[in-house]
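In what follows, residues are counted from 1 in the order of the sequence shown. Counting starts at 1 for both ligands and their atoms, following the listed order.
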Amino acid sequence: MIRRTAPFAAKGNTDLDNWSIEKSKDLYGIGTWGSGFFDVNASGNVMVTPFGAKGPNVDVLELVRDLQERGIRVPMLIRFPDITKARIELIGNCFAKAIQDNNYKGAYRGVYPIKVNQQRHLVEELIKFGQANRLGLEAGSKPELLVVLAMMNTPDALIICNGFKDAEYIETAILSQKLGRNTIIVVDRASELPMIIAAAKKFNTRPKIGLRAKLHSRGAGKWVDSTGDRSKFGLTPLEIVECVETLKKEEMLDCLELLHFHIGSQIPSISSVKGSLKEGTRFYTELHLMGARPKFIDVGGGLGVDYDGSGVTDSSINYSEQEYANDVVSIVQSVCDERGVPHPDIVTEAGRALVAHHSLLVFNVLGLNEVQKKELMFQASKDDHRVIQELQYVYEQLNDKNLHEFYHDVMHIKETTLQLFTFGVLSLTQRAKIEHMSWVILTRMEQLAWAGGADSEDLAKALQDLLSDTYFCNFSVFQSMPDSWAVGQLFPVMPIHRLTEEPTRKAILVDLTCDSDGKIGQFIDAATGSKAKKTALEVHSVDPSTPYYMGVFLVGAYQEILGDLHNLFGDTDAVHITITNAGYTVDHVVEGDTVTEVLSYVQYQRPELIEGIRRASEHSILKGTITKAEARLLMRHYEEGLSGYTYLEEQE
Ligand SMILES: *Cc1c(COP(=O)(O)O)cnc(C)c1O
């Protein structure tokens, strides 16, 4: 048990008259995307509140400092099992309420698709917290099936088998039924049914079979290709009819227990959910009319997460979890009632919606590149190039009347400077002067443009982008938030402390990789709540002596397993933190990759590398180009480097 220590005093100017915690909360939108799990405390630090505003909470900055004392390094991924539990309960309760309100006769059966995040401790937590609701697991591949079969110990919980299957996959799934597992094999492609029938005969079992329908109704959002006529998985109407005929012929129609469909992830709009539910439920009722008696309708995943709080973008959703549950239950009910078919148990495969909220990445800012320049460091002299004289004139004469004209002049000068330099007309010193003067003038122009109101708003925005700082951050976009790069998904990003202070700078955040895509350059525009995304984030000025920590929120779904080793940045340290009335407990520490580990993934073995350096050292000692003491130091650095973190480590 760890006791929380006294709050850290906020550094810098805490001018409470001009700025407030409320303003910070509005600026970063924590009240919208936070779903009640995140808030800002009186010290101006982000806090985690899994039990709502009145329950116990934890100050994230204190937590990070405390974890650092135990040797856990930034960037670090912090998981909060309490949030996972709250999400399981929320979604379960929404369905329970919808079932009760509609007087629906079937039950709700949640299933977690482990592809969303297979991390063992998380899966164990999901099973534990989901026991009361009989939360099941879904596997989409052979390795996932092997995990699911070993981990699932909730009696009667469903194990759903999707994805590409070979005979080994199918036989393993069928044999697991003999261990008492409630395994349902979903026929995703027509060729799988004969394999299932053959395996059932071989082991003399009645397999539990599901059919996945390929819906015509298309989803919406970034993952729209999961459905529609050309989607990878699912059976066409003709194939479904043929499967039913085959099962009849084999006297196995009673084995058909489930109808499945899945319309893609992060469905932004409730109308797409509704359309596909109607079509999918019609498949279900038709199976009944053909003589089958499936017990389950599995409506797949897709329940979205509100990553930006806007309600209008693809990173957001325009419905609540309760609305989703109400629509699923009432549509299945009405289509079944119309056809006189009994209400099935409803299975959902919500993955993202269960786990996205539970984890948070914290990294430190290593330094910055300031573009804005407030003061001119010199005056143009007669010896300076004509261009510099021109800039001096613009600097002296600039006002709100000539703002637009001078802006175009300066931009033109910036372009011609490059040409003049390339052709050898301008020296490097002269070019440096021009650049400095241009930034000073553009900085002043931005202020004038904002002050100019609607007339110069476009110019103000263009200047803001041009003048935003670059903050160098200790993390890898490719490892920790790959969807930000791959599909342009927005994640909430904000400083986790100093929120009593006004953030006076705007910045884009770049990561440690040598890839120009390794950056966050799109941010939630919480203030306008529109589709517009900000191209720079408000941040505090940082000085090298005091660490500045930022958080990326809602990274619990898909990001970890999709993350890759670009530039050999490995897994970050990760911790599981359970919040208690007296503070918190550190349940698990999962150390990130060492350099040795990531190198071994690309077949470099530590002993060989060390041996290579040792040989070169001996050779150089003999030649006299390095002393023995220096060689010993080099070897020590080399070996420590191999054992160390792949990210930059803070000085002790
Ligand atoms: C990926 C997947 C899911 C999970 O989707 P979410 O949007 O994360 O809820 C569910 N079912 C199937 C078949 C999937 O492939």
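- Near A350, the atoms of ligand 1 lying under 4.0 angstrom from a non-hydrogen atom of the residue are 9 (O).
- Within the listing of ligand 1, atoms 13 (C) sit less than 4.0 angstrom from a heavy atom of H260.
- Side-chain N/O atoms of W33 and D306 include no donor and acceptor closer than 3.5 Å.
- Around atom 10 (C) of ligand 1, the closest heavy atom drawn from E349, Q266, K115 belongs to E349.
- Using a 4.0 Å cutoff on heavy atoms, Y558 counts as a contact of ligand 1.
- You'll find the side chain of E323 stays beyond 4.5 Å of the side chain of C94, heavy atoms only.
- Donor-acceptor pairing under 3.5 Å is recorded for the side chains of H343 and D337.
- Side-chain N/O atoms of S217 and E279 include a donor and acceptor closer than 3.5 Å.
- Contact annotation: for R352 versus ligand 1, heavy atoms closer than 4.0 Å belong to both the backbone and the side chain.
- No hydrogens or angles considered: nothing links the side chains of S316 and T313 as a donor-acceptor pair under 3.5 Å.
- For the residue pair Y108/T348, the side-chain donor-acceptor check at 3.5 Å is satisfied.
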E239 and K214: CA distance, side-chain angles, deciding distance, salt bridge (charged side-chain N to carboxylate O under 4.0 Å, His left out) verdict: CA-CA 10 Å; E239 287 170 327; K214 190 179 273 191; 5.8 Å; no
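- In the vicinity of P113, heavy-atom distances shorter than 4.0 Å reach the ligand 1 atoms 3 (C), 4 (C), 10 (C).
- Every heavy atom of G140 sits 4.0 Å or more from the atoms of ligand 1.
- Of all the atoms in ligand 1, the ones that sit under 4.0 Å from a non-hydrogen atom of G301 are 5 (O), 9 (O), 10 (C), 11 (N).
- Every atom of ligand 1 with a heavy atom of G351 under 4.0 Å away is listed here by number and element: 6 (P), 8 (O), 9 (O).
- On a distance-only criterion, G302 and ligand 1 share at least one N/O pair closer than 3.5 Å.
- Between R212 and ligand 1, not a single N/O pair is under 3.5 Å apart.
- Residues E138 and N162 have side chains that bring a donor and an acceptor to within less than 3.5 angstrom of each other.
- Side-chain atoms of H576 and D587 form no donor-acceptor pair, as typed in the model, at a separation below 3.5 Å.
- Listed by number with element, the atoms of ligand 1 under 4.0 angstrom from any heavy atom of E138 are 13 (C).
- With a 4.0 Å cut-off on non-hydrogen atoms, S265 touches ligand 1 through its backbone as well as its side chain.
- Distances between N or O atoms of V116 and those of ligand 1 include no value under 3.5 Å.
- When ring centroids are compared, F38 and F553 come within the 6.0 Å threshold.
- Atoms of ligand 1 found under 4.0 Å from any heavy atom of N162, numbered from 1 in the order shown, are 13 (C).
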